[in-house]
There are 2 protein chains.
Amino acid sequence: MEVRGYGQFCPVAMASEVLGTRWTFLVIRELLCGSTRFNDLRRGLPRISPALLSKRLRELETLGVVARAHDAASGNPVYRLTEAGEDLRPVVMAMGFWGQRWLESQLSLKNLDPSLLMWDMRRNLNPSPLPPRQVTVQFLYRDVERGQRRWWLVIDNKPGSGAVDLCMIDPGYDVDLHVATDLRTMTAIWMGLMTVREAIRDGTLQLVGAPEIKARMQQWLGLSVFAREG
Amino acid sequence: MEVRGYGQFCPVAMASEVLGTRWTFLVIRELLCGSTRFNDLRRGLPRISPALLSKRLRELETLGVVARAHDAASGNPVYRLTEAGEDLRPVVMAMGFWGQRWLESQLSLKNLDPSLLMWDMRRNLNPSPLPPRQVTVQFLYRDVERGQRRWWLVIDNKPGSGAVDLCMIDPGYDVDLHVATDLRTMTAIWMGLMTVREAIRDGTLQLVGAPEIKARMQQWLGLSVFAREG
DNA sequence: CAGTATCCGATGCGATACTG
DNA sequence: CAGTATCGCATCGGATACTG
């Protein structure tokens with residue numbers, strides 16, 4: 001049971017463990033979230049083997065859910081959802097809300113993973129509440145092993161941009177905000193199980209840095225899409 | 001690929017073939033439709049082996065989706081959905097609508113099965129447009145092998161009742177309406193892909209019998225829950 | 001970067017038979 | 001009626017290594 005898990009805290013993953021063909025819903029979720037390249041998909045699904053990902057993509061292609069193409073510029077293969085694939089969004093969302101509501105307490109916080117959390121945060125971050133310049137936020141997970149303890153989000157928020165980079169090695173920029181917490185707390189916030197304010201009051205989250213960035217963390221931190229109604 | 005099919009025309013089955021753990025969504029569908037006993041479930045899932053059904057029920061029980069109890073009167077085991085299980089309805093419906101929309105043309109009409117169709121019709125039949133007395137409708141599928149060619153629905157529509165019986169052997173009552181068609185046509189009507197009126201006009205469906213029952217067939221024939229929006 | 005190739009143990013699951 | 005027991009093949013899928 002344990003060995004076969006997806007190692008993900010995402011509610012879709014938890015629902016899929018019993019209901020779904022292995023990895024299939026998660027591949028679709030990654031595509032729905034906007035990943036298009038093979039190794040981007042692998043990044044969102046760290047435990048999938050390349051052989052199986054390839055197989056799943058071919059199956060979904062046969063089913064008419066995925067279309068394989070080549071990027072005009074780079075010539076790299078890209079995978080996109082067809083209209084039928086996009087239409088699976090309600091199914092995946094329904095699974096996610098159900099998992100969030102009914103499986104969260106059992107599984108969510110047993111499948112912590114800093115890289116998936118940070119990768120999701122990078123993807124959903126909302127730069128608009130941030131000042132219109134480059135912003136660097138450092139995350140320190142006190143309870144995580146040395147190699148994955150520190151992360152940097154570098155948000156290029158100059159007007160017209162909005163790109164977010166995720167680094168595991170110090171990018172060298174001045175840090176605008178230091179976030180220190182434990183992985184479980186940050187994941188719970190991300191899942192909408194608690195708020196930034198509550199975590200600060202509990203003493204499980206500390207913020208040091210620019211007050212205007214600190215104050216709006218709950219806003220620029222885009223929450224998991226399943227966090228709202230859960 | 002063919003041997004592993006569910007042999008069902010239900011859109012949930014078609015969607016499950018690729019997306020779901022084998023049989024799991026269909027077991028849930030049966031429970032959502034109101035089956036509670038082991039052999040009722042088997043009836044709605046003719047190709048499942050008893051061992052696998054048993055296994056799935058135990059898995060769903062572990063997951064908190066199904067609760068096993070004993071019928072007070074008979075002492076027989078009954079399986080019911082918990083609140084979490086009922087809450088899967090949106091997921092199953094989303095899968096069904098998706099399957100209906102995107103997989104229907106490929107698969108629906110390749111998985112014809114008279115017993116499943118009649119069993120579904122029995123379950124969803126709406127007696128209220130029928131006269132308030134016992135009504136017997138005979139179905140004749142011209143293209144089906146002798147053993148499954150003829151079916152009778154006996155609707156006890158006396159005030160306060162509403163029970164529907166399905167027979168494969170002549171119950172001996174006077175038949176109020178004779179329906180003669182082919183299996184594909186009747187399935188298409190059931191799926192909402194065509195109407196009774198259209199089938200009559202095409203000449204693929206003939207009705208002989210009481211005019212008031214004939215005229216309201218589209219009404220008393222409750223359609224598949226996926227027929228509406230598809 | 002984007003996959004294939006190969007291996008092999010684990011399991012999934014269908015078929016059949018049997019039991020309280 | 002409501003399952004369990006057993007068998008055995010097929011496939012699934014993880015790990016690892018390799019290729020254009």
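We name chains A, B, ... by the order of the sequence lines, and we start the count at 1 in each one. In this text the structure is predicted, and so the values were computed from the model without any measurement.
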How does each nucleotide of nucleotides 2-8 of chain D score, in 5' to 3' order, for protein heavy atoms under 4.0 Å: base (B), sugar-phosphate only (S), or none (-)? SBBB---
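Residues A/Leu60 and A/Thr24 form a side-chain contact, since some pair of their non-hydrogen atoms from C-beta on lies under 4.5 Å apart. Within the 4.5 Å cutoff, the side chain of A/Leu81 has heavy atoms near those of the A/Leu32 side chain.
Between the C1' atom of C/dT6 and the CG atom of A/Leu52 lies a distance of 15 Å, rounded to the nearest Å. As a whole-Å value, the separation of B/Tyr6 OH from C/dG12 C1' is 12 Å. For the pair A/Arg47 CZ and D/dT16 P, the computed distance is 14 Å after rounding to whole Å. One atom, CD1 of B/Ile48, and another, C1' of C/dA15, lie 14 Å apart when rounded to the nearest Å. A straight line from CZ of A/Arg22 to C1' of D/dA15 spans 14 Å, rounded to a whole angstrom. The CG atom of B/Leu41 sits 13 Å away from the C1' atom of D/dC1 (whole-angstrom rounding). Rounded to an integer number of Å, the gap from A/Glu17 CD to C/dT11 P is 15 Å.
The structure places CG of B/Leu19 at 6.5 Å from CG of A/Leu63, a figure rounded to the nearest 0.5 Å.
With a cut-off of 3.5 Å on both pairing distances, the Watson-Crick and G-U wobble pairs of DNA chain D assemble into stems of 3 or more at C:1-20 with D:1-20.
Using a 4.0 Å cut-off between a side-chain N of Lys or Arg and a carboxylate O of Asp or Glu, A/Arg43 and A/Asp40 do not qualify as a salt bridge. In summary, B/Arg47 and B/Asp113 do not engage in a salt bridge, as defined by a charged side-chain N under 4.0 Å from a carboxylate O.
Between A/Phe38 and A/Tyr79, the ring-plane angle classifies as tilted under the 30° and 60° cut-offs.
A side-chain hydrogen bond (donor to acceptor under 3.5 Å, both in side chains) with B/Arg133 is found for exactly one of B/Asp176, B/Asn157, B/Asp156, namely B/Asp176.
Few gaps surround CD on B/Gln148; more than 12 heavy atoms of other groups in view lie less than 6.0 Å from it.
Dashed line: the shortest gap from a side-chain N or O of A/Trp23 to OP1 or OP2 of D/dC12 is not under 4.0 Å.
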As a quick check of understanding, evaluate side chain to side chain donor-acceptor pair (under 3.5 Å) for B/Thr62 and B/Arg58, giving each step before the final call. CA-CA 6 Å; B/Thr62 301; B/Arg58 267 182 278 119; over 6 Å; no
